[in-house]
Novice: 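Submitted below is the structure of interest, expressed as structure tokens.
Since the structure is predicted, the reported quantities are computational estimates derived from the model, not experimental observations.
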Amino acid sequence: MGSSLRTLFFLTILFRTHFSLAEDENQFIYNGFNGSNFHVDGVAKIHPNGLLQLTNSSKIKMGHAFYKVPISFNSSSSALIPFPSFSTNIVFAIVPEDPNLSGHGMAFTISPSMDFNQAVESQYLGLFNISNNGLSTNHVLAIELDTIENTEFEDIDDNHVGIDVNSLKSFESAPATYFSDEQGKNISLKLLSGDPMQLWIDYDAPQKILNVTVAPKRSQKPNRPLLSTPIDLSQVLLDTMYLGFSAATGSVASDHYVLGWSFNKSGPAQSLELSKLPPLPPRRKRSQKPSKIVIVAPVVAIFVLVVVIGAVYFIRRKKYEEVREEWESEYGPQRFSYKNLYIATNGFKEKELLGAGGFGKVYRGTLPNSDVHIAVKRISHDSRQGMKEFVAEIASMRRLRHRNLVQLLGYCRRKGELLLVYDYMPNGSLDKSLFNNKTPNLSWFHRFRVLRDVASALLYLHEGWEQVVLHRDVKSSNVLLDADFNGRLGDFGLARLYDHGTNLQTTHVVGTVGYLAPELTKTGKATTRTDVFAFGAFMLEVACGKKPIFQGQYEEVILVEWVMECWKGGRILDASDPKLESDYVTEEMELVLKLGMLCSHSVSAMRPNMRQVTQYLDGSASLPEIEADISVSMSTFTTSNEASETAMSFPASVGNCSAHFLSSNESILHKGR
Ligand SMILES: *[C@@H]1O[C@H](CO)[C@@H](O)[C@H](O)[C@H]1NC(C)=O
Ligand SMILES: *[C@@H]1O[C@H](CO)[C@@H](O)[C@H](O)[C@H]1NC(C)=O
Ligand SMILES: *[C@@H]1O[C@H](CO)[C@@H](O)[C@H](O)[C@H]1NC(C)=O
Ligand SMILES: *[C@@H]1O[C@H](CO)[C@@H](O)[C@H](O)[C@H]1NC(C)=O
Ligand SMILES: *[C@@H]1O[C@H](CO)[C@@H](O)[C@H](O)[C@H]1NC(C)=O
Ligand SMILES: *[C@@H]1O[C@H](CO)[C@@H](O)[C@H](O)[C@H]1NC(C)=O
Ligand SMILES: *[C@@H]1O[C@H](CO)[C@@H](O)[C@H](O)[C@H]1NC(C)=O
Ligand SMILES: *[C@@H]1O[C@H](CO)[C@@H](O)[C@H](O)[C@H]1NC(C)=O
């Protein structure tokens, strides 16, 4: 009796282990994920055919999929239970929206938690955010398949495989290549090709070596790994970890897929059964090439046809003519063909016109044969002078990547004209939302988020890149709203690049009246502090729903000074936008108004820098106690003649706050500059 019970028990165990292989914590294999018990979030989903899709063509999104059973990586120092070796084999595919434009990439991830709610998309790959990136308390190992060169994280190129330990700044990385045993050489692999590929990750715990290998789907595992890195993972991982994938899209999206996955702690991961893997969805249709017309007809007809075709060809060539010079060849991928832009914007029809500004007109469009929506800015220019420098600048601006910047995608040149191609922002510019007379207006929730968005974009421009980038024209009409009403800073037309640490050279003043710091109008020198000044004016604009210089009852009123009067009168909240109908968080409104004043300090050294501004806004630092008597002033144009001409003394009264404006010893606004 006892022995047969034991047999039954043994059989049960055997049965269990045999059939629940996919739920075992030491090994599992998925040739497709149909019916699997995965934790998926974000835009990730498992298709009925078993294909795991992490992201789709939605922009600025992330997706995760994790094996629900935690895996034990016992890192205790006991020699009896050493940290395990492990081995995994993955088949993945990355399908970009457009062959030259892609989302950010994906990563095999080992993490203590499946909760990535606080993580950020775009360059953060859905793994970290600005405040926890790089912290050793993350205990995250990720193998990234990165398709965008991000200078912020010192990426080597836009097609690499990296080992990320707690940080997106890779511990080690290499351009995606595989070693061909037959040919005895490395062959490069285009991650964005859209074709399925294999990834192997093998960790040898006794030797403390992590190997990462990639190859096309049908290849054998190459004998030599791409990366073979000494690393002690027992110092990184915790006892209990979750395994899975993360992927993210940015301004442009890619579909990130996982087709199959095996994992093993007790030996090499089994190879996947390629024939059983789910197929990828059919590629988006590219329009057919026009078929050649075969003509069998009398010679005369052919002759007429040739003439007509010739004429059409000539006209078309003229119509799509571009200027392209030798030195531009290195900017190949950044270059858009005029023909494509012409087709994208329906021939630059008025219907597609999004706006017109000092620099030219902006049109909406959709790139042919894709879903990529773009905005095309046409700027006329007369001289070729400086064009080379300008294009070089554009090329480097294209490498600026931040979720709160309007992405510059590329450019095109024609005679007398330059076209800049940007990511399309469906909700238009912020000033349109702020100053339309609709009530309720853009909510405080969105306004406050936009302020934080723009602050983080400016911080990135100032500190997050290899060079200091000054924006020089921060204002609500240069802030655009994406599909989810996130704020994105746009228009780098005026930005100039400076090397870190070098003296900022003097150039003529650019910017917009009302946002120009006093020292800028005097010296013409733009600095990060003059950007902060403009950001201060912008903050007040968003909080008060008024332009930096607005029409009061009797006279033009300077917003900062008016807010200052409200503050001095102990009624700072009276400055808030009436269109909000008092529907705001009082502490946030007060913070924004006071911080806006502080940024508008007429002494540049008294203004906070963008890092401090972001800390105040996200609450990680509290605003220092400031008195309501700081010296604020708008741009002054103080040649004594002008001063006496424009000096006026008017008690301006707007709402409940009155201010005494423009007496000769106060700041002078020179209208119309
Ligand atoms: C992407 O997936 C999400 C969630 O499944 C869905 O809401 C969204 O519409 C999808 N986007 C596209 C472009 O298919
Ligand atoms: C996927 O699983 C469901 C049930 O879980 C089943 O109805 C369906 O036929 C399966 N599809 C494939 C392609 O195996
Ligand atoms: C890790 O190993 C130690 C003994 O060295 C043991 O006490 C502990 O329970 C183990 N932890 C897990 C999660 O297996
Ligand atoms: C970043 O993520 C961490 C933990 O996931 C969270 O505590 C923190 O608030 C996040 N920070 C930001 C700025 O979102
Ligand atoms: C890692 O790669 C090295 C170098 O090719 C090789 O000697 C070693 O056996 C590999 N280790 C594992 C666990 O695959
Ligand atoms: C192949 O690539 C690996 C990894 O990047 C590198 O170490 C090796 O030197 C390359 N071998 C050849 C023959 O180029
Ligand atoms: C794990 O390794 C063992 C020993 O080599 C092997 O028998 C088993 O099939 C492997 N399992 C998987 C899922 O790779
Ligand atoms: C992609 O870039 C290459 C040059 O790098 C260019 O030849 C090709 O036409 C581009 N493709 C598209 C669709 O723009």
Side-chain angles (χ1 to χ4, degrees), residues 57-60 96-101 249-253 284-287 290 312 315-324 333-381 390-391 394 397-398 405-436 438 442 473 475-494:
S57 53
S58 286
K59 297 180 180 189
I60 319 195
E97 265 187 287
D98 180 288
N100 288 346
L101 303 170
T249 63
S251 303
V252 183
R284 275 181 218 107
K285 271 207 289 291
R286 312 222 124 237
S287 68
V312 168
I315 292 167
R316 281 175 68 96
R317 224 185 68 164
K318 202 80 193 138
K319 183 165 158 188
Y320 298 135
E321 199 168 47
E322 298 175 16
V323 178
R324 202 181 277 260
Q334 279 102 307
R335 178 99 197 195
F336 281 79
S337 81
Y338 182 70
K339 186 177 170 182
N340 274 350
L341 298 182
Y342 189 89
I343 296 170
T345 56
N346 276 321
F348 295 97
K349 280 241 173 65
E350 284 299 304
K351 206 176 94 225
E352 309 293 345
L353 190 65
L354 290 170
F359 294 94
K361 291 181 171 174
V362 187
Y363 296 85
R364 170 182 40 207
T366 306
L367 284 182
N369 309 325
S370 75
D371 300 329
V372 181
H373 299 293
I374 52 171
V376 184
K377 180 170 268 190
R378 293 184 86 147
I379 302 165
S380 54
H381 74 91
F390 193 57
V391 169
I394 293 168
M397 284 192 279
R398 187 176 170 268
L405 287 179
V406 179
Q407 183 67 47
L408 177 65
L409 301 174
Y411 79 104
C412 176
R413 281 177 68 202
R414 301 190 81 206
K415 198 155 173 274
E417 191 174 36
L418 180 73
L419 296 100
L420 296 180
V421 183
Y422 291 95
D423 195 19
Y424 172 65
M425 295 288 114
N427 284 312
S429 64
L430 178 65
D431 63 331
K432 290 198 179 119
S433 297
L434 280 182
F435 298 116
N436 67 22
K438 272 189 232 144
L442 190 64
D473 205 11
K475 57 179 173 180
S476 63
S477 55
N478 275 341
V479 171
L480 292 126
L481 299 173
D482 70 13
D484 301 322
F485 286 91
N486 296 305
R488 307 253 232 126
L489 188 54
D491 205 342
F492 297 87
L494 295 170

Novice: Rounded to the nearest 0.5 Å, what separates atom CG in Leu480 from atom CG in Asn427?
Specialist: 10.0 Å

Novice: Any side-chain to backbone donor/acceptor pair from Arg364 onto His373? Under 3.5 Å, distance only.
Specialist: no

Novice: To the closest 0.5 Å, what do you measure between CG (Leu419) and NZ (Lys361)?
Specialist: 13.0 Å

Novice: Any chance you could measure Leu430, atom CG, to Phe485, atom CZ, to the nearest 0.5 Å?
Specialist: 10.5 Å

Novice: Give the intermediate values and the outcome of side chain to side chain contact (heavy atoms under 4.5 Å, CB included) for residues Leu409 and Ile374.
Specialist: CA-CA 9 Å; Leu409 301 174; Ile374 52 171; 3.8 Å; yes

Novice: Which pair of heavy atoms, one from Lys432 and one from Leu354, lies closest together, and at what distance?
Specialist: NZ-O, 3.7 Å

Novice: State, to 0.1 Å, how close Ala253 and Ser58 come at their nearest heavy-atom pair, and which atoms those are.
Specialist: CB-O, 3.7 Å

Novice: Does the Asp473 side chain pair with the main chain of Asn478, one donor and one acceptor, at a distance under 3.5 Å?
Specialist: no

Novice: The criterion is side-chain hydrogen bond (donor to acceptor under 3.5 Å, both in side chains); which residues satisfy it with Tyr342, sequence neighbours excluded?
Specialist: none

Novice: Which is it for Tyr422 and Gln407 under the side chain to side chain contact (heavy atoms under 4.5 Å, CB included) test, yes or no, and what are the steps along the way?
Specialist: CA-CA 6 Å; Tyr422 291 95; Gln407 183 67 47; over 6 Å; no

Novice: If you compare all heavy atoms of Met425 against all heavy atoms of Arg488, which two are closest, and at what distance to 0.1 Å?
Specialist: CE-NH2, 3.4 Å

Novice: How far does OG of Ser251 sit from CG of Leu408, to the nearest 0.5 angstrom?
Specialist: 10.5 Å

Novice: Output, in order, the C-alpha distance, side-chain angles, deciding distance and verdict of side chain to side chain contact (heavy atoms under 4.5 Å, CB included) for Arg414 and Leu341.
Specialist: CA-CA 12 Å; Arg414 301 190 81 206; Leu341 298 182; over 6 Å; no

Novice: If I take atom CG from residue Asn346 and atom OH from residue Tyr363, how far apart are they, to the nearest 0.5 angstrom?
Specialist: 12.0 Å

Novice: Could you report the tightest heavy-atom contact between Ser433 and Leu481, atom names first, then the distance?
Specialist: OG-CD1, 3.6 Å

Novice: Just how far is it from atom OG of Ser476 to atom CG of Asp431, taken to the nearest 0.5 Å?
Specialist: 4.5 Å

Novice: Evaluate Glu97 against Thr249 for side chain to side chain contact (heavy atoms under 4.5 Å, CB included), listing each step before the verdict.
Specialist: CA-CA 11 Å; Glu97 265 187 287; Thr249 63; over 6 Å; no

Novice: According to the interplanar angle, ranging from 0 to 90°, do the rings of Phe348 and Tyr338 count as parallel (below 30°), tilted (30 to 60°) or perpendicular (above 60°)?
Specialist: parallel

Novice: Would you say Ile60 and Asp482 make side-chain contact, with heavy atoms under 4.5 Å?
Specialist: yes

